[in-house]
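Report on the structure given below.
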There are 2 protein chains.
Amino acid sequence: MSIPAEDFTDANGTIADRIFDRLRHAIVVGEIAPGSKISEPVLAARYGISRGPLREAIRRLESSSLVDRKPNVGARVITLTSEQLLEIYAIREALEGMAARLAAEKMPDAGIADLRRLLDQHRNEVAQEAWQAYFQEEGDLDFHFRIVQGSGNRRLANILCNDLYHLARMYRCQFGMRSDRARDALKEHELIVDAISDRDGELAEWLMRRHIRISRRATERRLAEMQRNS
Amino acid sequence: MSIPAEDFTDANGTIADRIFDRLRHAIVVGEIAPGSKISEPVLAARYGISRGPLREAIRRLESSSLVDRKPNVGARVITLTSEQLLEIYAIREALEGMAARLAAEKMPDAGIADLRRLLDQHRNEVAQEAWQAYFQEEGDLDFHFRIVQGSGNRRLANILCNDLYHLARMYRCQFGMRSDRARDALKEHELIVDAISDRDGELAEWLMRRHIRISRRATERRLAEMQRNS
DNA sequence: CAAGACAACATTGTCGACAATATATTCTTG
DNA sequence: CAAGAATATATTGTCGACAATGTTGTCTTG
């Protein structure tokens with residue numbers, strides 16, 4: 001929810017920047033189907049802009065590895081394979097584990113307090129069962145997002161927030177991932193925040209890595225299930 | 001040396017792609033000084049191209065975080081601070097540690113044999129003391145590059161090879177990093193290859209992380225020294 | 001003389017048109 | 001009728017020109 005890339009306020013920045021955000025969002029939520037062609041003429045017409053800014057946006061989408069471009073042929077939205085998804089989980093485990101450790105060492109107390117408030121909110125939502133899976137997932141990303149920010153490593157935050165989180169979100173939209181793991185995940189989140197609050201970096205890293213590993217296994221099970229049903 | 005991005009054969013691909021490679025190389029080796037402005041008109045004139053492809057290349061340089069761009073103002077080459085450099089080392093430690101573990105599990109025997117040949121070559125160069133620091137450093141990157149490739153995680157390889165290695169190289173050129181650590185580094189490389197060859201992922205990860213940590217400490221010492229002399 | 005406003009300039013952002021390349025269709029030929 | 005070549009079409013790549021924004025230098029004025 002508070003991920004900057006999500007709230008593309010159409011007022012600021014250049015057309016290329018705005019179209020990049022819009023396209024990225026459209027791709028991530030599946031509005032533009034995976035594997036479909038990114039045609040410059042039709043998109044330029046649809047959004048009422050010229051091809052110039054559009055091309056720059058597409059080049060950036062390529063850098064974010066959301067589209068696959070071939071010279072003189074064009075760009076297509078990537079189709080996330082299960083292998084690629086597991087690759088992302090592996091990277092997140094390494095990177096976010098490190099982020100949790102750094103956050104335990106360097107995150108300001110105010111940030112930890114914010115984190116606790118966020119968890120309180122999640123706890124209410126889960127308890128009332130009034131939450132929708134969508135918001136639950138958003139909340140999960142929000143949690144991870146804040147910890148990464150708290151690590152203080154700007155480049156780490158860039159890698160995760162500009163690329164990997166969008167890909168993770170894309171997968172969730174693509175496979176209609178509904179989280180029946182909300183309660184467990186919340187508990188894991190709470191333990192992580194406790195460790196960070198105790199400034200126990202080693203434990204925070206271990207908990208975060210396990211959290212992501214569990215999440216990956218749940219995904220693997222789901223993928224195997226889908227494989228079986230198809 | 002065998003890093004794909006380095007040999008920009010001017011024959012294939014579009015102008016935008018070629019100019020991206022050329023600019024990246026020019027920035028990395030310091031041909032375009034850190035902090036200097038990336039002026040579209042002057043670069044278009046210098047390379048004899050139009051501004052269109054150039055702009056796309058600049059957008060991609062921005063995605064690689066080699067330039068810093070402000071809307072309606074322009075782009076400037078980033079200036080690597082020592083903090084940013086240490087951030088990169090931290091990320092490399094996490095990511096390449098993982099890569100070494102995966103390589104131990106999945107790298108084909110042929111790849112390991114290639115790795116050994118590479119180390120033989122390095123050993124000769126070091127023994128003859130006929131090596132120049134430049135090639136030594138290139139060889140180091142080549143070693144890391146191959147292990148990352150051997151991990152089989154394509155996205156991991158992209159993150160490291162498309163962004164972080166270029167930044168690391170940029171730093172080395174920027175600070176005129178001469179390696180008096182070649183002998184030790186070679187020994188560490190050999191241990192890592194031994195672990196991979198033994199399919200001991202845990203050890204390979206540990207050795208790789210330590211290798212990068214030692215390298216980071218050497219860099220920190222050098223930075224402190226430079227700080228003192230200035 | 002200093003500080004702020006104004007104007008001239010340069011640079012970036014955007015657009016439409018043309019050239020080069022790839023894909024799809026049609027035609028020929030065994 | 002099938003397979004391949006040649007053409008036709010559409011899309012991408014590139015370019016030069018115009019509009020919008022930032023910057024810089026100058027001029028006025030307290």
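Protein chains get the first letters and strands the later ones, always in sequence-line order, with residue 1 at the start of each. Values in this document were obtained by computation on a predicted structure and should not be read as measured data.
- The separation between B:Ile19 atom CD1 and D:dG13 atom P is 16 Å, rounded to whole Å.
- In terms of phosphate contacts, B:Arg76 brings no side-chain nitrogen or oxygen within less than 4.0 Å of OP1 or OP2 of C:dT11.
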Could you walk me through whether A:His144 and A:Arg92 pass the side-chain contact (heavy atoms from CB on, under 4.5 Å) test, one step at a time?
CA-CA 10 Å; A:His144 288 265; A:Arg92 283 187 59 188; 3.6 Å; yes

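- Taking the six-membered ring where the residue is Trp, B:His189 and B:Phe143 present parallel rings, their angle staying beneath 30° rather than reaching 60°.
- Each end of the helix from C:dC1-D:dG30 to C:dG30-D:dC1 gets its own axis from five base pairs, and the two axes differ in direction by 10°, given to 10 degrees.
- Looking at A:Asp17 and A:Arg60, a side-chain N of the basic residue comes within less than 4.0 Å of a carboxylate O on the acidic one, giving a salt bridge.
- Within the structure, every side-chain polar atom (N or O) of A:Arg18 is placed at least 4.0 Å from both OP1 and OP2 of C:dG13.
- Two residues, A:Asn72 and A:Ile15, neighbour DNA chain C, and the one matched to the more 5' nucleotide by heavy-atom proximity is A:Ile15.
- Salt bridge A:Asp140/A:Arg172: present, at least one basic N to carboxylate O contact under 4.0 Å.
- Here A:Lys70 does not reach the OP1 or OP2 of D:dT11: none of its side-chain N or O atoms lies under 4.0 Å away.
- Distance, A:Asp17 CG to C:dT12 C1': 12 Å, rounded to whole Å.
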Apply salt bridge (Lys or Arg N to Asp or Glu O under 4.0 Å) to the pair A:Asp114 and A:Arg117, showing each step before the final yes or no.
CA-CA 5 Å; A:Asp114 286 343; A:Arg117 266 190 292 280; 2.6 Å; yes

Short heteroatom pairs, N/O only, protein and nucleotides 16-18 of chain C, under 3.5 Å:
none

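- Ranked by how close their nearest DNA chain C nucleotide is to the 5' end, A:Val73 and B:Glu40 are led by B:Glu40.
- Distances from the side chain of B:Ser39 to the nucleotides D:dG13, C:dT12, D:dC15 place C:dT12 closest.
- Look at CG on A:Leu54: it is 14 Å from C1' on D:dG13, rounded to the nearest Å.
- Residue B:Ile38 is in sugar-phosphate contact alone, with no base atom involved, counting any heavy-atom pair closer than 4.0 Å across all strands shown.
- Between A:Glu40 and A:Arg55, at least one side-chain nitrogen of the basic residue sits less than 4.0 Å from a carboxylate oxygen of the acidic one, meeting the salt-bridge criterion.
- One interatomic measurement links the two molecules: CZ of B:Phe20 to P of D:dG13, which rounds to 15 Å at whole-angstrom precision.
- Atom-to-atom distance recorded for A:Leu115:CG and A:Asp142:CG is 9.0 Å, nearest 0.5 angstrom.
- Per the geometry, NZ belonging to A:Lys37 stands 10 Å off C1' belonging to D:dA10, to the nearest Å.
- With sequence neighbours excluded, the residues forming a side chain to side chain contact (heavy atoms under 4.5 Å, CB included) with A:Ala16 are A:Thr14, A:Pro53, A:Glu56, B:Arg59, listed by chain and number.
- Rounded to whole angstrom, the span from the OH atom of A:Tyr47 across to the P atom of C:dC15 amounts to 15 Å.
- Rounded to an integer number of Å, the gap from CZ of A:Arg69 to P of C:dT21 is 15 Å.
- Contact between the side-chain N/O atoms of B:Arg55 and the OP1/OP2 oxygens of C:dT12 is not found at any separation under 4.0 Å.
- Residue B:Arg69 places its CZ atom among more than 12 non-hydrogen atoms of other residues, nucleotides or ligands, all under 6.0 Å distant.
- Between A:Asp21 and A:Arg24, at least one side-chain N (NZ, or NE/NH1/NH2) sits under 4.0 Å from a carboxylate O, which counts as a salt bridge.
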